[in-house]
> 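Starting off with a structure, shown below.
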Amino acid sequence: GEKKSAEAGAGGEKIRIAMVVKSLGNGFFDAAHAGANDAAKELKNVEIIYTGPTTPSAEGQIEIINSLISQKVDAIVISANDPNALVPITKKAMARGIKVLSFDSGLDKEGRLMQLNPSNEQLIGEKQIQMASDAIGGKGDIAILSASAQATNQNIWIGIMKETLKKPEYSGMKLVATVYGDDQSDKSYREAIGLLRSNPNLKAIISPTTVGINAASKAVVDEKLVGKVYVTGLGLPSEMAGHVKSGAVREFAIWNPIDLGYAVTYAAYDFVKAAPGAKAGGSVNAGRMGTIAIDANGIGAMGAPFVYDKGNVDKFSKIF
Amino acid sequence: MKEILKMRETQLAISIVVLIALVGSRAPVFVSSSSLGNLLTDSTLLIMLALAQMLVIVTRGIDLSVASTLALSGMMSALLAVRFPELPLPVVMLVAIAIGLGLGLINGYLIGYLDLAPIVVTLGTMSVYRGLVFVLSGGAWVSSHQMPPEFIAFPLSRFLGVTNLVWIAGSTILVFWYIAMHSRFGRDLYAVGNAPASARYVGIPIAKRLFWTYGISGAVAGLCGYLWVARYAVAYTEIAYGFEFTVIAACVIGGVSIAGGSGSVAGAVLGGLFLAVIGNALPVVKVSPFWQSALTGVVILAAVLINARSGKTGGRQILPLHLNKADAQGSAA
Amino acid sequence: MDMNTTPVLQLTGICKRFAGIVALNNVALSVRAGEVMALIGENGAGKSTLVKTLTGIYRPDEGTIELAGQPVRFANAQDAMQAGVTAVHQETVMFDELTVAENIYVGRQPCRGASGRIDWSKIEAEAEKLFERLEVALPVRARVKDLSVAQRHFVEIARALSQDARVVILDEPTASLSQREIRELYRIIRQLRDAGTAVIFISHKFDEIYEVADRYTVLRDGQFIAEGALADITEQELVALMVGRTVKQAYPKADVTPGEVLLSVENLCHPTEFDNVSFELRRGEILGFYGLVGAGRSEVMQALFGLSTQVRGNVRLDGKPVCVTCAADAIKHGIAYVPEDRQHQGAHLTLPILQNITLPILSKVGFFLRGRRAEENKIARHFAEQLELKAAYLTQNVSELSGGNQQKVVLGKWLATNPKVIILDEPTKGIDIGSKAAVHRFIGELVSKGLSVILVSSELPEVMGLADRIVVMHQGRIEHTFNRGEATPEMIVSAASGNELAEDCA
Amino acid sequence: MTNEAPTPVTETPAASTSRYVIADRQGFRLGAALGSWESMLALLFVAAFTICAIVQPHFLDMVNLADGTFNFSEKAMIALPMALLIICREIDISVSGILALSSVAVGLAHTNGAPPEVLLPIAIATGTACGWLNGIMVTRYKLPSIVVTIGTVSLFRGLASVVLGDKAFTGYPQLMTDWGQGYFFGFIPREFVVLLVFALLFAGFLHCTTWGRRVYAIGNNPVAARFSGIPVDSYRLGLFMLTGAMAGLAAWFLTGRIGSTRPNIAMGWELEVITMVILGGVSIAGGAGTIGGVLLAVLTLGTVTYGLSLANIPGIYMTIVVGILLLVTIALPRLLRGRRIAK
Ligand SMILES: Nc1ncnc2c1ncn2[C@@H]1O[C@H](COP(=O)(O)OP(=O)(O)OP(=O)(O)O)[C@@H](O)[C@H]1O
Ligand SMILES: Nc1ncnc2c1ncn2[C@@H]1O[C@H](COP(=O)(O)OP(=O)(O)OP(=O)(O)O)[C@@H](O)[C@H]1O
Ligand SMILES: [Mg+2]
Ligand SMILES: [Mg+2]
C-alpha cells in the first residue's frame, strides 16, 4: 500500500508539513526551517509551512494550530511553549487525521505521535556542567541564568545539571543561584550583574538560553571580569562569535538546528506516508542523517550537542 | 525647610537613599562605588524615557508606543551600522534619533491634528511599530560580532571617569529642565494639560504643540533605541518588550499626574532612579526570583499611595484660621 | 461723545452655523473708542458665539470684521489678541497649576533675546504693575488653584488688559462676583473707557447695563435687532426688543404663609468650611441665603445634601432626625439640590436632554427602561416646557444648548424629583431676564404647592424680593438672620461682609 | 441606540405654556444611521468575511469557522465588562494578571482536592477579589485606575509566579475540559455560546436598565452624577469587581481549554482586550459606546486574524494589521468629517 499512496502524493497534491515554532524571529528556529527546506527539496513533493506566534506563548500556538487544522495540512511539527497546554488542540488535530510530531521542546505523550529530541536531555545537562568545569578547573561557585521560570526545556536541563553536580568529579563546584532573565536583554543583563555582585566568588555562569548567554557575556565584559568569570551554556554560533572572541566565553554548546529541522521533516514524511516504522518502538528514515530509532514513549533523539570554541565558531557562525 | 521636606521630590529622594542604605546593609557590595556607578548607568535609559513621557503625560496624553519606537529605531540603527560599518557613529545616532522623531511625529499628527485619543493612537502604533521591527529585520538577530566595535563601545566608554550614557542622560535632563521651565513650548504644554479648552481660548496652537511633544518623545525613544542596542550588544524583535509600562510607572512614582498639567523634571528623574534601584537591588539581595514581580507591584502601589497622600489638598479653608500652638512653635523655631 | 469717528470695531453680515444650528445670522455691530457697548439678548441669542467669532476662536462662515476700518481675519485667539481684541469669556479660562503671573501671560510669555528663554522676572513685574493699575491686591506667585472664584476672575480681567487692547469684551463678568467686587469691576471698566478703549459688556442684569454702558446692541435668535444709546430707551422697551414681547419684571412673592417647621438644622459643623450652622425651614417658606462668594453657603447646602464627609450636627425633617450620607438619601427624603456650577456639577453635557432630566428619578421610571420611552418623554417634556427650554428635540445633547438653557435643564432635572425641600444654589446665575422671571414664577408656584425652598443667591434684589427670611453668611458662619422686610440692603451687605467690613484674614 | 425606528418629527399639540416646541427626537436620518460606528463596523465585518471567504478556500468550512471562535471567546468575555469600565471613564490594565491569578487559584484548589464543581466559583471569587482591590484603590484612595492597574498587574502575576515557581498545574477535571473545549450540538463551541449569552446580558444591562443609564451618566460627568444621587464610587467598585469576576470566568474557561496553568498564561491580553473595546466604538473619554459595537469588533478582529492565519501570515504581521485597522477606523471618520466642515 505504501507505493500507492506515494504515487498519489506525487501525482496529486503536495504533502504539506507545517513547522510551528516557539516564536518567530529566533535564529535557532530559522536554522531549523532551513533544514526542513533541505529535506523538502530532497523529498520533492513536500511543502513546508513555517509559522509561529509573535511572542513565545502557548495561546498563540493554539491559534496557529487551529488555522492549520482548517487548512487540512498533512503534518504538524511543533516546538511547544507548554507541554500540556497544547495537548487538547493537537489531539483534535490528530483526530482530524493530521500527524503531529514535536521536536526540540516536546509535547506530552498523548499530544503527539513522536518527539524528536535535539539531543539527549541528560547529555545536554551534563555537557553544560562539564564545560563550566573545564573553564574553571573544576572548582568554584557557579550560577545559572535561565530564560523564564516556565521554560520547559530549560527547567529539565537545570534539573539534570543539579543532579550532575552531585557526582564526585564535580564536588568542587557549588551552584549558588538560579535566576531568570525572561529572555529580555535588559533583565538578563541586570540579573547577571546581580549574580556577579552578590557572589564575589562566582567563577562561572551557565546560561541555557541564547538571550541569557549573550547578556551574561556582555555583563562579564562590562564588569571587566573576563578571565575571572566564564560564561557557558547554549547559544548559536552566529550570535556568540563576538563573545567567544572577547574571552568571556570559552566554550558553548548547541546541537545542529539545521539537522534537527531536516530530520523532523523526514520523520513527519514517514508518518504521513504511514511508513511501517513510524510508530513507538519503530524507527524512521532521516535522509542523510540515517535512521532514528523511536523508543516506547515515542521519543527519538539525535546526537550529542556540539561544542564550539575559538577554533570553530567562525566557521559555523556563517551557517547558523 | 519644612516646605522642602514636604515636597514630593524630596520625599522620593529620601526614600531612594533609605532604600539604597537598606539594601547596602544586607548586601554591602551594593553600595560599593562601582556598583552605584553601574546603577546610575543602568538607570539612564529609563530616566530619559521617563522625561519624555513626562512631557506627554503633562499634556494629558500617554505614549504607549515608546518601547516599540525604541525597538524599531534600535534595530534600524543596528542594521545600518552592520550594512555600512564605515559610517561614523554620530551619523548612526542621528539617524536613530531621526527615525524616532518620525515615528513620534506620526503619533503627534494623529493626536494633535486629528484630535484622536492618545491612548488609542499609541496603542495602535505600538503594535504597528513592533511589527515593523520584525518585518525590517526579517526576524533575525543582529548580534555583537556583526556590529562595529565602536558602535557597541560608545555607551559604556568613559569620559572623565563617567560613562557616556550618564553624560547623555545628564544633558537630556538639562534640556528637559530648560524645556519644561524656561521655554514657551514647555509652558504651553502645562497650560494644555491643565485646561485644554482654556488653552484654545488663549491662542495656544494645541495641535502643533502636541505634534512636537510626541515627536520629542519619539526622538528620545529613538536615541535610547541606539543606546539600548549598543549597550546590550544585541538587537532582536522583542527588545524592551513591555518597557512602556515601566516608563509610565516611573513617571507616576515621580508624581507626574496622569490627569495632566503637573509633573516635574526632578520627579521623573527620581521616579526612574527609584525603579532602577529596585530592579538592581532585588537580584543583589537574593530575593527569590519568583517574588520579584509581586514586590515590584507592591512597591509601585505603595509609592502611588504615598504620592496621592502627600498631594492631597484638603477641603478649602473657609473658616477663619486660629493660630494653633504647633504652628506658633514651628514659626518660632 | 463724538459720533463721527469711525468705529474701532465694525462687524457686518456675520453668520455662524453649527451642525444644523444657525447661531449667528447676519449680525452687525459697531463700537467706537471710549465707549461701553452693552450686548443684550436672551439665553442662546448668540452673544457668546459672537464673542468667540470676534476673538478668533471661531471663524465666521460669512461676513467681515473690520478693525479701525481695516478688514481683518483672525486665525486663532493669539491673532485677535495681537490685533488688540481681548475678551473675558463666559467660561473660566484658567490654568490651575500655573501661577497668577503665568496665567496672565500664558501663550505669549515674553522671552529674553535670541535664546528664547522665558523672562520670568519680567512676567512677574508686569503682573505686579497690572494689579497695581487695577488696584487689586493679588499675590502674583500664588498658584491659581489656591485663589477664590472672585480672585480668579480678576486674573482673567488682568489677562484681557495685559495686552494694550483696543477692544475689551466682558462676557457676563459679574455672574460670580459679589457686590463689592462688582463695584471694583465698574471702576475698571470706566478706567478703560476713559483711556479710550472700546468695551463690549454682556450681562443679563439691567441695573448693571444702565450703570456702566453707553450704548446697546440687541440680538435675538442670532439676529441683529436693534442698536442705540441707552439714554434713549427704557428697561421695559429693551426687554421687549430682546424677547420680542413684554415681560413683567418683578419678584412675584407668592402669597403663602409658611406652615410648621419642616427642616431643622442644628449645629452643623465642618472642620474647615463652616461652623455651627443652625436654621429652620418651614413648609411653604422661601429661605434666602445671602453672602459673598466664598462665604461657604454652597458647602453648607452640599453637606445637607449628603455630599460632604466629615460633617457633624443634627438634621431633622418633619421632626424626625434624618441621616443623610449620600445624595441618594437626600433625594429619598425629598431634598433636592440644584448646584451652582452647571458645567461640572449639574449637566451631563454629552447626554441628551431627556436623559439629563430623568437621571435622578430613574428608579421611579422603572428598572427596565425599554418601552418606558413615552413615559420618560412625558416627564422631560413637562419640565422642559414649564421652564421654556429652547431646544429642537429632547434627544439633543445638552452641550448644544446655550449656557442659560443648560441651566434650565438642570433645574428641570431637580424639579422632576418632586422634592419637599428644594435648595437652589444661584438658580438664576446667567439666566436671561425672561427666563429669570419664569424661574421666579416657578419658585412661587413651588411654595404655593407646599414645597419649601432654600434660595442661595448673590443677587440682593432677588433674595430680598423672594425670601420670607434671609440668612446671611460670612466666612463659614451664620452672621445674622433677617425676617422679610426687616432689613435694608445696607444692613444685609454689611452683615455679609462681617459687620464692620473687615478685610479677609484667611 | 437612537434612530432604531424611523419616527417622523412630530409636533406636539400646543397645550403647553412654552414658546418653544420640542420634538421627541430628531427624525430618522439615513445618513446618521449609516454613519454610526456600528454600521461601519458591520460593513467592515461583512467585507472582511466576504474577502476571506473568497480568497481562502478553507475559510467557509463551518466546523473550522466555529472552532475559530475559540481564539477570541475568552478575551471577548473580558472585553464586555471592560467596555462598561471604559464607558465609566476607568480602565483595567490588570485583567491578564487577574486571569493568571484566578487560574492559579483554580489549580491550587484542584491539586488540594477540591471537587470539580467548586472550581468555577473559586475562579470567579478570586477574580472578584482582585477586582475589589483595584476598585478600592481607585475609589477609596482616589487614584487613577490606569496607574493602579499597572501596579496590580505586576502584583497579580507576581503572586501567580510566587505560587507556581517553575512548576505548572495540569490534569484538570473533565468538567472544565468539557466547557473549555466542548461543543453544543457537536460543533458550536460552548465558550462561544457562553460569550453570546453574556453579550446579551451585558447589552441588556447597559442599554435597557437604570443601572446602564447611570453607567453612561457617570462616564459622562462623574461629579454631576454624584450630585444626581448616583453612588458613583459603588458603581465603579462594582464594575471593577465585575471585570475581575469575568476575568475569573475567562480564566476558568481558558484553563479548561488548555488544561494547564503557568504564570505567563494570557500574557499581554489586556491590550488585545482594550483594542477590541476601542475598535467597538467605546470612547476612551467615557460616556459613549455600545455592547453591539464591541461584539462586532470582536467578530471583525476574529475574522481578520483567522483569515490571515489561514494564509499563514505570521502573527506579527497580524499585529501590524490590527494596529492599522485600529488607527484607520478611528482616524477615518475624523478625516472625512474634517473635510466637510472647514472650521
Ligand atoms: N459648539 C456649538 N455647537 C452647536 N451649537 C452651539 C455651539 N455653541 C453655541 N451653540 C448654539 O448657538 C446658540 C447661541 O449660543 P450662545 O452661547 O452664543 O448664547 P448666549 O447668547 O451667549 O447665551 P447665554 O446668555 O445663555 O450665555 C445657541 O442656540 C447654542 O445652542
Ligand atoms: N479657592 C477656590 N478653589 C477652588 N474652588 C473654589 C474656590 N473658591 C470657590 N470655589 C468654588 O466656587 C464655589 C463657590 O464657593 P463657596 O461655596 O465657598 O461660596 P458660596 O458662599 O457658596 O458662594 P456662591 O454660592 O455665591 O458662589 C464652590 O463650590 C467652589 O467649587
Ligand atoms: Mg453666553
Ligand atoms: Mg456657592
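Order of the sequence lines fixes the chain letters, A, B, ..., with proteins taken first and strands second; residue numbering starts at 1 for each chain. All figures in this text were calculated on a predicted structure; none of them were measured in a lab.
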> Got a sec, which residues hit salt bridge (Lys or Arg N to Asp or Glu O under 4.0 Å) with Glu238(B), two or more places apart in sequence or on another chain?
none
> Give the member of Pro144(D), Gly165(D), Pro263(D) that has the highest number of heavy-atom pairs under 4.5 Å with chain B.
Gly165(D)
> Which atoms of Ile119(B) come close to chain D, meaning under 4.5 Å heavy atom to heavy atom: side chain ones, backbone ones, both, or neither?
side chain
> Looking at chain D, which one of Leu64(B), Val299(B), Val128(B) has the largest number of heavy-atom pairs inside 4.5 Å, strictly under?
Val128(B)
> The criterion is ring-ring contact (aromatic ring centres under 6.0 Å, His included); which residues satisfy it with Phe156(D), sequence neighbours excluded?
none
> Indicate the atoms forming the closest heavy-atom contact of Leu12(B) with Ser15(B), along with that distance.
O-OG, 2.7 Å
> Please flag which part of Leu295(B) lies under 4.5 Å from any non-hydrogen atom of chain D: side chain, backbone, both or neither.
neither
> What residues of residues 266-285 of chain D make heavy-atom contacts with chain B at a cutoff under 4.5 angstrom?
Leu271(D), Ile274(D), Thr275(D), Ile278(D), Ile284(D)
> As an exercise: rank Ser293(B), Gly297(B), Ala303(B) by heavy-atom pairs under 4.5 Å with chain D and give me the winner.
Ser293(B)
> Heavy-atom pairs under 4.5 Å with chain B: which of Ala160(D), Pro314(D), Ser161(D) has the most?
Ser161(D)
> Does any backbone or side-chain atom of Thr246(B) lie under 4.5 Å from a heavy atom of chain D? Answer side chain, backbone, both or neither.
neither
> Pick from Ile330(D), Leu326(D), Leu159(D), Ile93(D): which one has the most heavy-atom pairs with chain B under 4.5 Å?
Ile330(D)
> Is Val121(B) close to chain D through its backbone or its side chain, or both, or neither, when contacts mean heavy atoms under 4.5 Å?
both
> Considering only heavy atoms, give the residues of residues 97-108 of chain D separated from chain B by less than 4.5 Å, sorted numerically, with 'none' for an empty result.
none
> Name the member of Val120(B), Val298(B), Ile248(B) that forms the most heavy-atom pairs with chain D at distances under 4.5 Å.
Val120(B)
> Quick one: which of Thr125(B), Asp115(B), Leu116(B), Leu110(B) has the most heavy-atom pairs under 4.5 Å with chain D, could you say?
Leu116(B)
> side-chain hydrogen bond (donor to acceptor under 3.5 Å, both in side chains) between Asn134(D) and Ser94(D): does it pass, once the steps are laid out?
CA-CA 9 Å; Asn134(D) 284 334; Ser94(D) 73; 2.9 Å; yes
> Taking the side chain as every heavy atom from C-beta outward, state whether Leu133(D) and Phe240(D) have any pair of such atoms under 4.5 Å apart.
no
> When you look at Asp63(B) and Ser217(B), which way does the side-chain hydrogen bond (donor to acceptor under 3.5 Å, both in side chains) test go after all the steps?
CA-CA 8 Å; Asp63(B) 189 351; Ser217(B) 172; 2.8 Å; yes
